[in-house]
2 protein chains.
Amino acid sequence: MDKIVDNPHDDGYHRLRAAIVAGDLQPNERLVELDLSERLGIGRTAIRTALVRLESEGLVERERHRGAKVRLVDEQEAGEILQARAVLEGLAARQAALRATDADIAELRRIVAGLRTLLDAGDLLGASDEQAVLHRTVLELSGHATAHRLILALNSQIVRFQYRTILVPGRPERSHEEHSAIVDAIAARDPEAAEAAMRHHLANVAGTLPARR
Amino acid sequence: MDKIVDNPHDDGYHRLRAAIVAGDLQPNERLVELDLSERLGIGRTAIRTALVRLESEGLVERERHRGAKVRLVDEQEAGEILQARAVLEGLAARQAALRATDADIAELRRIVAGLRTLLDAGDLLGASDEQAVLHRTVLELSGHATAHRLILALNSQIVRFQYRTILVPGRPERSHEEHSAIVDAIAARDPEAAEAAMRHHLANVAGTLPARR
DNA sequence: CGTGCCGAGCTCGTGGACAAGATTGTCGAC
DNA sequence: GTCGACAATCTTGTCCACGAGCTCGGCACG
């Protein structure tokens, strides 16, 4: 949809990145430049620059004369990433509370209501997606381009972990309460509470992480 | 000195980056690949990959067929970056408070004492450098590689703003108090206080920013 | 049978050449 | 004198070929 900041000049980068976050390319799988070049129908040069970019985003590792492979974040690093996300999204929630218009708040409430509906229908995966929408909306409301960019980069590194936390027993209800609290704080234009609620929420997500997996 | 995570395979990248953060390359100056190639004695290919990397770090901008130039962060973005740094360094201070050994704390106190000496001698620039050492030490103590990496990237974007905040009248004393508070909180193994002190400190730095410049 | 050496194959790194696109300067019309 | 179209030049983007360095298998030797 919306790219935060991006030159349109390589779509090869986007294709490769998509393949990685979607899991089409397994971790530790060797990413041979010529291979990818043929498979995606892009020149080796483009693949090369894409890999350089992805490396500095932390999505792949490259070793001299040994090729690239998608980087595997271990459990400890995933914890670190979630901690960093927590403080950054806390900042975003704070800013959102300061800037949200009435229309913005209505939009947030609409999303929360949708979440409730999905949960009642037992659609956990759908709810998970809608939660992501909520987070993204808060981020956009914050108007904080820097935090937005950092958080997106962090997120792409832990997609593999992300997706299943909602399947932990009891988690959906807790999660929904936490999200409601975040929206309530923003609606009340209370930046302190908004930041606290967001951090509380992500701390809980981090807490359920080691349980799974 | 210590690179957080880096492939040793391009020093061209480091040279270019150093030239940018040192201010040898002015903002909006056109960075012609062939030019840089000759000036640094590195092949155009290496310059090219270095520019790609620097772009994803936010240090340069590149436009298709129009070349690269060092990116100029405006005042508003500098504020955003300082906010992001504040929460991330707050996280680092928190972790440092949880992990610091007695030896670590002694080291911190030694740095603070050195700062006091420099301030009494009126060496403001020296003090500014020593403050940077203190921040870096806290970061290392935190053992939080992710936060460390993000903060370094953010810092390199605002070196131009950074260096003169200590020249604001009355700032050196305030700053020294704030740094002392951070170290005290870490020494007391109080993560909450450490995070609060760090955020307080960086909020003040951000506050003095728009005054200058 | 285990171990160390060595060579073949593979992959990345680099430089040069060419194409695509943009900018700038010039010329001409009005 | 000013504006617009066009051509020259410059810069980046891409492809290609070759060299550098690593990996892995075979082979000899203890």
Side-chain angles (χ1 to χ4, degrees), chain A residues 3-21 24-73 157, chain B residues 3-21 23-72 157:
Chain A
K3 301 148 194 161
I4 275 286
V5 51
D6 213 350
N7 289 343
H9 55 65
D10 21 14
D11 69 329
Y13 161 75
H14 291 289
R15 304 246 312 265
L16 235 183
R17 182 192 167 103
I20 291 176
V21 303
D24 295 347
L25 300 174
Q26 293 300 323
N28 287 358
E29 177 180 350
R30 292 190 63 183
L31 303 182
V32 179
E33 295 181 357
L34 199 60
D35 251 27
L36 299 173
S37 171
E38 291 171 1
R39 193 170 349 163
L40 299 183
I42 310 174
R44 193 164 82 100
T45 306
I47 295 290
R48 188 172 196 59
T49 68
L51 286 177
V52 171
R53 264 180 91 174
L54 291 170
E55 179 186 30
S56 62
E57 284 182 40
L59 278 177
V60 308
E61 277 177 286
R62 300 193 326 142
E63 257 173 308
R64 185 185 178 82
H65 292 290
R66 293 191 25 177
K69 58 177 195 272
V70 340
R71 181 154 164 266
L72 179 74
V73 305
Q157 292 185 38
Chain B
K3 300 147 194 163
I4 274 287
V5 50
D6 213 350
N7 290 342
H9 54 66
D10 24 11
D11 68 330
Y13 161 75
H14 291 289
R15 304 247 312 264
L16 235 183
R17 182 191 169 106
I20 291 176
V21 302
D24 295 346
L25 301 173
Q26 292 301 324
N28 286 1
E29 179 181 350
R30 290 190 63 184
L31 303 181
V32 179
E33 295 180 357
L34 199 59
D35 251 27
L36 299 174
S37 171
E38 293 171 0
R39 196 177 336 170
L40 300 183
I42 309 172
R44 195 165 82 99
T45 307
I47 295 290
R48 187 170 197 60
T49 68
L51 286 177
V52 171
R53 260 180 94 172
L54 291 170
E55 180 186 30
S56 62
E57 284 180 39
L59 280 178
V60 307
E61 278 177 286
R62 300 192 332 142
E63 259 173 305
R64 184 182 180 80
H65 289 289
R66 294 190 26 174
K69 58 176 193 276
V70 340
R71 180 154 165 264
L72 178 74
Q157 293 184 38

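Worth knowing before you read on, the calculation uses all heavy atoms, side chains too, and leaves out hydrogens, waters and symmetry mates.
- Side-chain contact between B:R62 and B:V52 is present, with at least one heavy-atom pair separated by less than 4.5 Å.
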* To do: List the steps, then state whether side chain to side chain contact (heavy atoms under 4.5 Å, CB included) holds for B:L59 with B:L16.
  => CA-CA 11 Å; B:L59 280 178; B:L16 235 183; over 6 Å; no

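- Listed by chain and number, the residues in a salt bridge (Lys or Arg N to Asp or Glu O under 4.0 Å) with A:R66 are A:E63 (sequence neighbours excluded).
- Between A:I47 atom CD1 and C:dT11 atom C1' there is a gap of 15 Å when expressed in whole angstrom units.
- For B:R15, the side-chain contact (heavy atoms from CB on, under 4.5 Å) criterion is met by B:D11, B:L40, B:I42, not counting sequence neighbours.
- Between A:K69 atom NZ and D:dC22 atom C1' there is a gap of 14 Å when expressed in whole angstrom units.
- For the side-chain contact (heavy atoms from CB on, under 4.5 Å) with B:I47, the qualifying choice from B:V32, B:L36, B:L34 is B:L36, the only one to do so.
- Atoms CD and CZ, from B:E55 and A:R53 in turn, are 5.5 Å apart once rounded to the nearest 0.5 Å.
- Helix-axis bend for the helix from C:dC1-D:dG30 to C:dC30-D:dG1: the local axis fitted to the five terminal pairs at one end deviates from that at the other end by 10°, rounded to 10°.
- Nucleotide C:dG15 holds its P atom 14 Å from the CZ atom of B:R48, rounded to whole Å.
- Using a 4.0 Å cutoff on non-hydrogen atoms, no part of residues 24-40 of chain A comes near DNA chain D.
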Please list, pair by pair, any protein nitrogen or oxygen found under 3.5 Å from a nitrogen or oxygen in nucleotides 17-20 of chain C.
none

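- From B:I20, atom CD1 reaches atom CG of B:L54 across 5.0 Å, with rounding to the nearest 0.5 Å.
- Evaluation of the side-chain contact (heavy atoms from CB on, under 4.5 Å) rule for B:E29 yields B:L25, B:Q26, B:R39 as partners, not counting sequence neighbours.
- Per the geometry, CZ belonging to A:R66 stands 9 Å off P belonging to D:dC22, to the nearest Å.
- By the side-chain hydrogen bond (donor to acceptor under 3.5 Å, both in side chains) test, B:Q157 is found to be paired with no residue, residues two or more places apart in sequence or in another chain being considered.
- Among pairs with a residue in residues 42-52 of chain B, those fulfilling side chain to side chain donor-acceptor pair (under 3.5 Å) read B:E33-B:R44, B:E33-B:R48, at least two apart in sequence or across chains.
- Phosphate contact (OP1/OP2 of D:dG13, side-chain N/O of B:R62, threshold under 4.0 Å): present.
- Qualifying side-chain contact (heavy atoms from CB on, under 4.5 Å) partners for A:D24, counting only residues two or more places apart in sequence or in other chains: A:A19, A:A22.
- Side-chain N/O atoms of B:T45 and base N/O atoms of C:dG15 include a donor-acceptor pair closer than 3.5 Å.
- Rounded to whole angstrom, the span from the CD atom of A:E55 across to the C1' atom of C:dG13 amounts to 14 Å.
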